[in-house]
Amino acid sequence: MNSFDSNPATNSLISSEADSQRTLYPYVTGTSVVGIKYKDGILLAADMGGSYGSTLRYKSVERLKPVGKHSLIGASGEISDFQEIMRYLDDLILSDNMWDDGNSLGPKEVHNYLTRVMYNRRNKFNPLWNSLVLGGVKNGQKYLGTVSMIGVHYEDNHVATGFGNHLARPLLRDEWRENLTFEEGVILLEKCMRVLLYRDRSAVNKLQVLFSLCGIHNS
Amino acid sequence: MFRNQYDTDVTTWSPAGRLFQVEYAMEAVKQGSAAIGLRSKSHVVLACVNKANSELSSHQKKIFKVDDHVGVAIAGLTADGRVLSRYMRNECINYFYTYESQLPVGRLVVQLADKAQVCTQRSWKRPYGVGLLVGGLDESGAHLYYNCPSGNYFEYQAFAIGSRSQAAKTYLERKFVSFMASSRENLIKDALFALRETLQGEKLTSSACTIAVVGVGEAFHILDQETVQALINEFEIAGEEAAAPDQAGVDEPSAADDQAAPVDQSAAPMDM
């Protein structure tokens, strides 16, 4: 990486000329994502808003996407960074499929891969400004985890990003149980999203819900 | 094989379309001491003969643990084998670091084969002089692969490499139909019997052989000498004939594909 070190714009970690090369603050952002495990798999919910600062500018942003055969991803934070993450994941899944050998990356593997990506970017002071929720089912095993922009990652039966942690998770701690049916799960998520709409000023009233069921997913 | 004017460089083809240096490398494998592998649905057993040069020296290590779910037995230039084992260990560790799950054995052997192929197409390199029997477990079951110096790899139900391996192969060819459904104990017994075939009448003792096992719920590990000696005693006392293996898998359709003929076998994955 010789040219990297000899170029004055990039040879100091936080020099001002290098600022144009790294993320300082987000511009178009998505708000909370909420995810829960239910009897047959995973449910993710997020609204479809893309805020430009305090303006609720874009109202049809898909912040939940399927990844490969087994996983779902939801992102809050900078939308363009999410699009970049989706490019990385598409390449990852493509390479995985090209092996054509009956093995495939499950949600645990994707979650760990994303953790490595986010943490490494954070170490270079150039983070992907997102909080991600990653869930899925593989071989009957349900998996639900989250990664933040600084690489903090954990798994749980219910996870959320941003305001969801403060408003939705207390609801989930009280009302989540093992083996919720699909209908019960959706009702619970709807309750969380309603509270978020009341109290989060960046929330919009159009939702996206994805479910993952034994490797098949749908919107 | 006799010397000829096309065998100096690995990058020189002969008029008959052969790369002699690669073939000479495969000869080196045939000169090494025997290594045997067999697998069932849930377990893989690797076994090898470990004769020390003299009573004063220790014997050469021929079986390497690559990860909890993969191990390798080598025949040929042990130094090359050690280097390749280190490469495999690295690949497994790196995969685990990124994905927190185990590198599928099928992908590991492809990477290994591609690495070997590079050495058959560079004028400043030489092929690795070692054959590797890679045994491991992944989501799709238990697998046994053989990696050649030529860069080819094949999957096997059972295989033997190294000197006097034909005797072991003959034994395995008789028995392999039952392996898929075999129990762990019977699989190890069959490995010991096959190993004994390569000794041409010499007594099989635990000091001259190494056995390693990997299976569902059982990490790859080398059996210690006492366990091996106990197993040897167990079947030698029972007589010369091998104990009848489990007959449950007699009409396994997949077994027909697994004739131990390395040269012509296409790399089509086996029906499991």
Side-chain angles (χ1 to χ4, degrees), chain A residues 67-71 73 85 88-124 128 132 134-148 151-156 159 214-215, chain B residues 39 41-42 44 66-70 88 90-115 117 134-147 151-156 214 216-217 254 257 265-272:
Chain A
V67 176
K69 288 199 294 270
H70 305 283
S71 318
I73 186 173
I85 288 171
Y88 288 152
L89 288 178
D90 287 340
D91 285 346
L92 182 72
I93 299 295
L94 182 70
S95 308
D96 189 46
N97 289 340
M98 296 251 294
W99 282 99
D100 197 20
D101 64 351
N103 289 304
S104 54
L105 293 171
K108 182 184 170 87
E109 287 83 20
V110 178
H111 183 223
N112 228 69
Y113 169 80
L114 285 172
T115 304
R116 291 292 118 233
V117 169
M118 301 301 272
Y119 184 64
N120 277 310
R121 290 288 297 253
R122 164 261 195 204
N123 285 340
K124 295 194 274 197
L128 289 159
L132 306 167
L134 209 304
V137 192
K138 189 174 176 206
N139 297 335
Q141 295 263 52
K142 302 186 282 248
Y143 186 91
L144 183 61
T146 180
V147 195
S148 78
V152 174
H153 62 287
Y154 49 90
E155 298 165 50
D156 207 341
V159 295
C214 287
Chain B
R39 64 122 183 190
K41 200 154 185 208
S42 55
V44 184
V66 168
D67 200 342
D68 282 339
H69 68 300
V70 186
M88 291 165 81
N90 233 353
E91 291 300 300
C92 286
I93 280 185
N94 287 340
Y95 188 91
F96 192 85
Y97 178 70
T98 308
Y99 300 105
E100 212 159 295
S101 86
Q102 308 201 299
L103 178 56
V105 191
R107 298 189 183 186
L108 178 62
V109 295
V110 173
Q111 285 173 255
L112 196 54
D114 288 345
K115 192 173 163 70
Q117 190 279 341
V134 182
L137 218 61
D138 61 31
E139 272 181 5
S140 44
H143 298 277
L144 175 69
Y145 292 92
Y146 172 52
N147 277 70
N152 281 329
Y153 69 97
F154 306 97
E155 186 165 5
Y156 285 99
V214 62
V216 176
S254 64
D257 291 341
Q265 176 135 0
S266 69
M270 293 190 310
D271 226 23
M272 265 169 262

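Naming: A, B, ... by sequence-line order, numbering from 1 per chain.
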Say you draw a straight line from [atom1] of [X] to [atom2] of [Y]; how long is it, rounded to the nearest 0.5 Å?
X        : Y        : atom1 : atom2 : answer
A:Asn97  : A:Lys69  : CG    : NZ    : 6.0 Å
A:Asn120 : A:Thr115 : CG    : OG1   : 10.5 Å
A:Lys138 : A:Ser104 : NZ    : OG    : 4.0 Å
B:Met88  : B:Leu108 : CE    : CG    : 4.0 Å
A:Ile85  : A:Leu128 : CD1   : CG    : 5.0 Å

So which part of [X] gets closer than 4.5 Å to some heavy atom of chain B, the side chain, the backbone, both or neither?
X        : value
A:Asp96  : both
A:Asn103 : both
A:Leu114 : neither

Note, B:Glu155 side chain near B:Arg39 side chain (heavy atom, < 4.5 Å):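 Of all side-chain heavy-atom pairs linking B:Arg39 with B:Glu155, at least one is under 4.5 Å.
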Heavy-atom side-chain proximity of A:Tyr88 to A:Val117 below 4.5 angstrom: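 Yes, at least one pair of side-chain atoms sits under 4.5 Å.
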Partner chain A: residue of B:Arg107, B:Glu100, B:Glu139 with the largest heavy-atom pair count (under 4.5 Å): B:Arg107
By ring-ring contact (aromatic ring centres under 6.0 Å, His included) - contacts of B:Tyr95 (at least two apart): B:Tyr99
Proximity of residues 140-148 of chain A to chain B, residues having a non-hydrogen atom under 4.5 angstrom: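 Contacts with chain B: none.
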